[in-house]
**Student:** 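Okay, here's the structure, questions in a sec.
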Amino acid sequence: MRLVMKFGGTSVNGGERIQNVADLVIGYAQQGHTIIVVTSAMSGVTDTLIRAARRAAQGDPSAFLIAHETLTAQHFAVLDYIVRDETMRRVTHAHITRLLDDFGNLCRSIHVLGELTPRALDQVASLGERLILPILAQAFRERGIAVEVIEAHELILTDDNFTQASPLMDETRNRARARLMPLLQQGILPITTGFIGATRAGVITTLGRGGSDYTATILGNVLDADEVWIWTDVDGVMTADPRIVPEAQTLAEISYGEAAELSYFGAKVIHPKTISPVAERDIPIRILNTFNPTHPGTRIVRNARANGRTVKAITVIRNLGQITVEGRGMQGVPGVAARVFSAVARAAINVLMISQASSEQSICFVVENAHAARAIEVLEKEFELDRLRGNIDRIWAQDRIAIIAVVGEGMKGTPGIAAKVFGALGDRGINVISIAQGSSEYNLSLVVDERDADSALRAIHARFIT
Ligand code: ADP
Ligand code: ASP
Ligand code: MG
């Protein structure tokens, strides 16, 4: 089979783990599979880079100096652990030093300008993957494997929507195939960075935080892979985040639709955009655990076998705010909802969930906390006259809320799910602020106070997953 294998941050976090990755890949190659490796940055590195750049823009020059030191020590330690060959060690040291010098220079410019543009942010953020790539390559070379090191901006062309770039699939297909197919034919193992792309002009972009998963499926699509394997630190997609619900169980198989819904509603194990490139071509994804590689993990396919449960998983998204537009005069006035959402869309604010009480006296919707103040501002402006006329009484935000999403294809047409969810929460005295059901019926979402999120998740999980 032709397989794209992506390794997440924890899987490459240290010398021993990197060797484990190399051994895993080589084991599958020896079984006759053709493999393309995609790597994330070591865990925490992207956060460190971004934090340092932000601090530099705020006028703090020490943060990037400290980050520079930490990142140098971290990467050199791993390199020294892995590379025995003196010449290769020197060459790789020099490469890493150059990348870290770039980091220092970029942060110095950001500091001088006092401004961090999305374009500069992507330059900085992309360094995490680029730093680990040559080290991972050495782990393969030390084992006698011929590898080609390719930074993904050579492969993935994107638009110039910095920090959230989208791939230009046709051009990416041409580029990636021209670069990778000859290598695969010669039995050379290509290893590349996740998360990164480039504009047509060659400027580095990133695909959004956690975007290495997306890189893997983009490459899976353009290379006609048989499967995409995402190696992480848990045994697949589980019925809930195992960090919050220790008794969460692995889902053996889920559909593309369910996976998309789960990732969109907070299951960090897959980046929300990951599904579409492979769903388009019916390429299965597997989610596997590098720390437990014999576990079968989760398969994500078009039509998943039913597992006998209506609710498959429960997720949570935090750091949200709920905006409410309310007024007795709204009743029967046409177009209020359209005006609310047009105003918010014009301000480029993403709406995660909408609910309207049947009395039509209020419209509620959920946005990221960081966008709440701006949403209020644009709505106050939009409804200025209506406020004066008394049609709209109040526009307000409730911050520190979370969305809990209950997801499963089997929920479609099954009565009593909502009652069971409310029962579970009622028994624990957890207040539900609002509720919405997606039109797909795969998903029932409810808003709770952020402080109740963990107990709400556990309560619903205990009720449905036994
Ligand atoms: P990687 O670095 O491999 O990309 P991430 O940290 O991005 O890994 O994603 C893996 C993490 O996702 C897990 O450690 C787990 O805590 C979290 N997670 C959240 N929801 C789920 C879920 N439903 N199933 C599995 N893991 C989940
Ligand atoms: N390193 C990037 C991030 O932390 C991409 C990824 O890990 O998938 O967001
Ligand atoms: Mg991830």
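These numbers were taken from a predicted model, which means no experiment stands behind them.
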**Student:** Do side-chain atoms of R177 reach the backbone of V222 as a donor and acceptor pair under 3.5 angstrom?
**Tutor:**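 Yes.
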
**Student:** Answer whether the closest heavy-atom distance between the side chains of V45 and H75 falls below 4.5 Å.
**Tutor:**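 Side chain of V45 against side chain of H75, heavy atoms only: contact under 4.5 Å found.
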
**Student:** With side chains defined as the heavy atoms from C-beta onward, is the minimum distance between V83 and E142 less than 4.5 Å?
**Tutor:**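 Sidechains of E142 and V83: in contact.
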
**Student:** Decide yes or no on side chain to side chain contact (heavy atoms under 4.5 Å, CB included) for V421 and F464, but give the supporting numbers first.
**Tutor:** CA-CA 9 Å; V421 169; F464 284 96; 3.6 Å; yes

**Student:** Between the side chains of N105 and R108, does any donor sit under 3.5 Å from an acceptor?
**Tutor:**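 Indeed, the side chains of N105 and R108 share at least one donor-acceptor pair under 3.5 Å.
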
**Student:** Any side-chain heavy atom of I285 within less than 4.5 Å of one from I275?
**Tutor:**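 A side-chain contact under 4.5 Å exists here.
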
**Student:** Kindly say whether I230 contributes a backbone atom to a donor-acceptor pair with the side chain of D213 at under 3.5 angstrom?
**Tutor:**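 The answer is no, because no donor-acceptor pair under 3.5 Å joins these two groups.
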
**Student:** Dump the intermediate steps for side chain to side chain contact (heavy atoms under 4.5 Å, CB included) on R2 and I36, then the final yes or no.
**Tutor:** CA-CA 8 Å; R2 183 178 296 162; I36 299 97; 4.1 Å; yes

**Student:** Using the side chain to side chain contact (heavy atoms under 4.5 Å, CB included) rule, take T290 and D233 through it: C-alpha gap first, then chi angles, then the decisive distance, then the call.
**Tutor:** CA-CA 6 Å; T290 35; D233 62 349; 5.6 Å; no

**Student:** State whether the side chain of Q164 and the backbone N or O of N161 hold a donor-acceptor pair below 3.5 Å, judged by distance alone.
**Tutor:**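 It does not hold such a pair.
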
**Student:** Less than 4.0 angstrom from a charged side-chain N to a carboxylate O is my criterion; do R286 and E227 meet it?
**Tutor:**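 Yes, charged N to carboxylate O under 4.0 Å.
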
**Student:** Please round to the nearest 0.5 Å and tell me the distance separating atom CZ of R175 and atom CG of L168.
**Tutor:**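 It is 10.0 Å, given to the nearest 0.5 Å.
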
**Student:** Out of curiosity, D282 CG to N303 CG, how far, rounded to the nearest 0.5 Å?
**Tutor:**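 So the CG of D282 and the CG of N303 are separated by 8.0 Å.
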
**Student:** Using side-chain contact (heavy atoms from CB on, under 4.5 Å) as the criterion, point out the one residue from T117, T206, V203 that pairs with F162.
**Tutor:**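 With F162 as partner, T117, T206, V203 yield a single side-chain contact (heavy atoms from CB on, under 4.5 Å), made by V203.
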
**Student:** OG1 of T48 to CD1 of I66: how many Å apart, nearest 0.5 Å?
**Tutor:**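 Rounded to the nearest 0.5 Å, the OG1-CD1 separation comes to 11.5 Å.
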
**Student:** Contact between T46 and R209 at the side-chain level, heavy atoms closer than 4.5 Å - yes or no?
**Tutor:**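 A side-chain contact exists here, since the closest heavy-atom pair is under 4.5 Å.
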
**Student:** Indicate the atoms forming the closest heavy-atom contact of V448 with A453, along with that distance.
**Tutor:**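 Scanning both residues, the minimum pair turns out to be CG2-CA, 4.1 Å.
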
**Student:** Taking all non-hydrogen atoms of both residues into account, name the closest pair between E409 and E258 and its distance.
**Tutor:**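 Nearest heavy atoms, E409 then E258: N-OE2, 2.8 Å.
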
**Student:** If you count heavy atoms of other groups shown closer than 6.0 angstrom to CZ of R281, is the number above 12?
**Tutor:**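 Enclosed: over 12 neighbouring heavy atoms sit under 6.0 Å from CZ of R281.
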
**Student:** With no hydrogens and no angle check, just 3.5 Å: does a side-chain donor-acceptor pair link N369 and D399?
**Tutor:**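 Judged by distance alone, the side chains do not pair up.
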
**Student:** Salt bridge check: are D454 and R318 linked by an N-O gap of less than 4.0 Å?
**Tutor:**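 Salt bridge between D454 and R318, a charged N being under 4.0 Å from a carboxylate O: yes.
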
**Student:** Measure from the side-chain N and O atoms of D226 to the backbone N and O of M1, and report whether any donor-acceptor pair falls under 3.5 Å.
**Tutor:**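 No, D226 side chain to M1 backbone: no donor-acceptor pair under 3.5 Å.
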
**Student:** I'd like to know if the side chain of R463 and the backbone of A459 have a donor-acceptor N/O pair within less than 3.5 Å.
**Tutor:**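 Not confirmed, R463 side chain does not pair with A459 backbone.
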
**Student:** Would you give the length of the straight line joining atom CG of D160 to atom CG of D122, rounded to the nearest 0.5 angstrom?
**Tutor:**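 One finds 10.5 Å between CG of D160 and CG of D122.
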
**Student:** Would you check if the side chain of T315 reaches a backbone N or O of F265 as a donor-acceptor pair within less than 3.5 Å?
**Tutor:**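 Flag set: sc T315 to bb F265 pair under 3.5 Å.
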
**Student:** Angle class for the Y214/H271 ring planes (parallel below 30°, perpendicular above 60°, tilted otherwise)?
**Tutor:**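 Because their plane-to-plane angle is under 30°, the rings of Y214 and H271 count as parallel.
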
**Student:** Say whether, by atom type as modelled, one donor and one acceptor occur between the side chain of T192 and the main chain of I150 under 3.5 angstrom.
**Tutor:**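 It does hold such a pair.
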
**Student:** Which ring pair (Phe, Tyr, Trp, His ring centres under 6.0 Å) pairs, counting each pair once, include a residue from residues 31-70, with sequence neighbours left out?
**Tutor:**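 Counting only pairs at least two positions apart or across chains, no ring pair (Phe, Tyr, Trp, His ring centres under 6.0 Å) contact touches residues 31-70.
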
**Student:** Could you tell me if the side chain of F7 sits less than 4.5 Å from the side chain of L24, heavy atoms only?
**Tutor:**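 Yes, their side chains come closer than 4.5 Å.
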
**Student:** Around E86, counting heavy atoms of other residues, nucleotides and ligands shown, do more than 12 lie under 6.0 Å from its CD?
**Tutor:**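 Atom CD in E86 is packed in, count exceeds 12.
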
**Student:** Quick check against the 3.5 Å criterion: does E450 have a side-chain atom that pairs as donor or acceptor with the backbone of N319?
**Tutor:**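 Yes.
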
**Student:** Which heavy atom in I156 sits nearest to a heavy atom in P167, and how many Å separate them?
**Tutor:**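 Looking at all heavy atoms of both residues, the shortest contact is CG2-CB, 4.5 Å.
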
**Student:** Would you compute the distance between atom CD1 of I287 and atom OG1 of T298 and round it to the nearest 0.5 angstrom?
**Tutor:**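 So the CD1 of I287 and the OG1 of T298 are separated by 6.5 Å.
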
**Student:** Looking at A120 and L116, what are the two nearest heavy atoms and their distance?
**Tutor:**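 Scanning both residues, the minimum pair turns out to be CB-CD1, 4.1 Å.
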
**Student:** Quick check: do D60 and R54 have side-chain heavy atoms less than 4.5 Å from each other?
**Tutor:**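 No, their side chains stay 4.5 Å or more apart.
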
**Student:** Go through it in stages, so that I can follow the logic: the residues are M42 and N13, the test is side chain to side chain contact (heavy atoms under 4.5 Å, CB included), and I'd like the CA-CA distance, side-chain angles, deciding distance and then a yes or no.
**Tutor:** CA-CA 5 Å; M42 288 167 76; N13 205 13; 3.5 Å; yes

**Student:** Which value, rounded to the nearest 0.5 Å, describes the distance between L251 atom CG and N307 atom CG?
**Tutor:**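 One gets 6.5 Å once the value is rounded to the nearest 0.5 Å.
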
**Student:** Using modelled atom types only, decide if a donor and an acceptor are shared between the side chain of T172 and the backbone of L157 within a distance under 3.5 Å.
**Tutor:**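 Yes, because the side chain of T172 sits within donor-acceptor range (under 3.5 Å) of the backbone of L157.
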
**Student:** Atom CD of residue position E247 - does it have more than 12 heavy atoms of other residues, nucleotides or ligands inside 6.0 Å?
**Tutor:**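 More than 12 heavy atoms, drawn from other residues, nucleotides or ligands, come within 6.0 Å of this atom.
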
**Student:** Looking at R130 and L99, would you say the former's side chain and the latter's main chain have a donor-acceptor pair under 3.5 Å?
**Tutor:**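 The answer is no, because no donor-acceptor pair under 3.5 Å joins these two groups.
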
**Student:** Under a 4.0 Å threshold between the charged nitrogen and the carboxylate oxygen, would R173 count as salt-bridged to D170?
**Tutor:**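 Salt bridge: yes.
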
